[in-house]
Amino acid sequence: MFAYVVKRLLSGVVVLFLVSMTIFLVFWYGPQEPAQVVCDRQTSNRCGERIELYRENLGYNNAWYEEYGTFLKGIAVGRDIKFGNRELSCAAPCLGRSYLNDAPVWEEMKTRMPATFSVAIGGAALYLLLGIPIGIAAARRRGTLADKALVSSFLVISSIPYYLFALLVWLFLTISWEIPLFAETGYFPLTDNPAKWFSGLFLAWIALGVFGCTSYTRYTRGSMVEVLGEDYIRTAKAKGLASTKVVYKHGLRSALVPVVTIFGIDFGTLLAGTIFTEQIFDIEGIGRWALNAVYQRDLPVVAATALFGATILIISNLIVDVVYSILDPRVRFS
Amino acid sequence: MTAAEPMTTPAPTGGSVEDEPLLVIEDLTVRFPTEDGVVSAVTDLSYSVDLGKTLGIVGESGSGKSVSSMAVLGLHDARTARISGSIRLRGAEIVGMSEAKLRKLRGNEVAMIFQDALAALHPFYRVGNQLAEAYQEHHPDASKRDARRKAIEMLDRVGIPRPDRRVDDFPHQFSGGMRQRAMIAMGLINDPSLLIADEPTTALDVTVQAQILDLLQDLQREFNSAVIIITHDLGVIAEMADDVLVMYSGRAVEYGPCKDILVHPEMPYTWGLLSSVPDVTSDPDARMIPIPGNPPSLLAPPTGCPFHPRCAHRDKVPGDLCRTALPELLPGGRGGHHVKRCHLTNPDAIYEAEVLPEIAPDLAEER
């Protein structure tokens, strides 16, 4: 097991290396003149011929692999960055400095992570806590009126685009009905004021949780229905086990395997930044930051958030595989 | 026709319970209403098994073999199955029994061994834990340690080498034969009085099949349980069974002592089964004759005798009887306990004159 995790970690590092290089190259050879933003800002939009100077200073006249090497070195040990005529230090792990305000990207990212993680963890917890039990209940009552009503009503919810759903939730609960609990959405640090942290994020969690639970209900139900038809479930019944034990001990463990796989990827995506959720509920997280960076052509931030997303996904995939091997001994021993 | 109906059936009186065989099935009918119509999986089935005896149930896939024995464990979902008739185990009526009482029977009084042990054992739990779970369920006072010891003891009893180590293996780490042994160990762990083996050797290769059958016979002698062995392999029947029940289209078509049925079969379907058995030791000139056609639909079974569309001998019955009238299950020419469901008046003669010379020329000459 330990060797397996180490092996997976190493292959994850290789993947990250390739991803970071791809991201780097996309921007290097991209349609946008990367130095333009800095030049415009520092010359009050009278950049003109001076762009060449900025290109030189920012390193865009060097070969890409030299600069990529500098970028990697920055992540490992830190580096100094030239901005126009200034030279600013950037401590490891250096993801560059923002082209808009010179701030070190990593420092900014650190301040935004708690918001994004709070949204992701709360939302995911809610949709699992709702989706899995409802899915199990539906599977046990498959074919009944209650099951059919549930499945079709959930299909209606999941047919609505998420941004519209989240927007409607906010418009009704916060604006129209003015429910006090949902009055002030946004991120407030947990350590400052736990109650405010909770009430600020609660609506975002509800939007994510209710919307997400419709999918998890369907995954769980489908997987459970399939598992309950397996021979080993019949064996468990033939032993004389109570039906709750048959369903939860023998059924659920198998049924969760595909759900865990989907959840790993979903949760990774959530952790990497929830653009719609953060935008609608006014949460200063990674997603919103990445979106603004794209608008403002702030390359270091775009690259850093993309790399962050890739890292999170690789880690969550690794965790999925480990959980998978805990659930299914056939994976563990092969 | 409803599952609730038999609950009102008066329980057999004390005296008859003493005399009655361990398991008595009377007029068992199992139907599954589906969107396409009602599937009659088992119709008016009756049989009985005594302690220490083995009943073999033979028939093609879909003949109702497994469905009828699942009913003995009460394993059919009450929402999808309509069960009527009577299943009595030691006089206790199983049809309509409460789930709580059924659970006390399952795995305890009646145990079942399924055909594909790889699919029938949970892939995620250790073999020993699955055995121990079956034990603990019916021995709530037993500690985990006791249950584990019992599991090891049973694995040893069914011939698993180094059971104290293999007890912690997962099913996929066992070979096919070992998995089936483990299934048998799980079935017998609570010393059931009735063991139902549903095609226990189908998924195994021939040498292992023989070992498993030997093991089952040894264990039956040791535990003195009643055994129902479901199979489509007449070789298994010949080796194991005291009585044989031949099923076709959800009904019993021939039922009687094993020797009678194998030596003097009186129903063309049984002849067909016998004709399609390969036998390496027999005359190489003997022909293997498959039964033409396919098993009938259980949604709309043929009129009259369900076997008539595939029967080579229906012309020997006067009139259109085979197509119009369902033959009753009546004693044949050899009387008594050997019953068959067929309109033929002289099946013995037809068998010896027409069927036997084809499938076993040497035997035909001896007679």
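Chain naming here is simple, since letters A, B, ... match the order of the sequence lines and numbering starts at 1 in each.
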task = Between chain B and each of S254(A), G240(A), A236(A), S243(A), count heavy-atom pairs under 4.5 Å; write down the option with the most.
result =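 Ranked by contacts with chain B, first place is G240(A).
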Please name the pair of heavy atoms, one in [X] and one in [Y], separated by the smallest distance, quoted to 0.1 Å.
X       : Y       : result
T235(A) : A120(B) : OG1-O, 2.6 Å
R106(B) : K237(A) : CD-O, 3.1 Å
P329(A) : P123(B) : CG-O, 3.3 Å

ask   = Under a 4.5 Å heavy-atom cut-off, does chain B meet the side chain of K249(A), its backbone, both or neither?
value =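 Both parts, heavy atoms under 4.5 Å.
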request  = Sort A242(A) into side chain, backbone, both or neither according to what part of it lies under 4.5 angstrom from a heavy atom of chain B.
outcome  =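 Both backbone and side chain.
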request  = List for me each residue that meets side chain to side chain contact (heavy atoms under 4.5 Å, CB included) alongside D147(A), sequence neighbours excluded, and say none if there are none.
outcome  = A138(A), R142(A), T144(A), V151(A), R221(A)
message = Holding to side chain to side chain contact (heavy atoms under 4.5 Å, CB included), I want the full list of residues that pass it with Y162(A), two or more places apart in sequence or in another chain.
response =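 For Y162(A), the residues satisfying side chain to side chain contact (heavy atoms under 4.5 Å, CB included) (neighbours in sequence not counted) are A166(A), A207(A), L208(A), F211(A), F276(A), T277(A).
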request  = Determine which residues belonging to residues 10-22 of chain A lie within contact range of chain B, meaning some heavy atom pair is under 4.5 Å apart, and list them by number or answer 'none'.
outcome  =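 No residue falls under the 4.5 Å cut-off.
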key: Any donor-acceptor pair under 3.5 Å from Y232(A) side chain to F124(B) backbone   =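 No; judged by distance alone, with no hydrogens or angles, the pair does not exist.
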ask   = Can you check whether H122(B)'s main-chain N or O pairs, donor with acceptor, with H250(A)'s side chain at less than 3.5 Å?
value =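 Checking the backbone N and O of H122(B) against the side chain of H250(A), no donor-acceptor pair under 3.5 Å is found.
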key: CZ/R140(A): more than 12 non-hydrogen atoms of other groups inside 6.0 Å   =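 Correct, the count exceeds 12.
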query = In Å, rounded to the nearest 0.5 Å, how long is the span from CE of M186(B) to NZ of K239(A)?
reply = 4.5 Å
key: Under 4.5 Å from a heavy atom of chain A, the part of L75(B) involved   =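 It is the side chain, since no backbone atom gets that close.
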ask   = Going by residue number, which parts of residues 129-154 of chain B are within reach of chain A, meaning a heavy-atom gap below 4.5 Å?
value =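 Only Q130(B), E133(B), A134(B), E137(B), H138(B) of residues 129-154 of chain B have a heavy atom under 4.5 Å from chain A.
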message = For chain A, which candidate among E99(B), K104(B), M112(B), R79(B) shows the most heavy-atom pairs at distances under 4.5 Å?
response = R79(B)
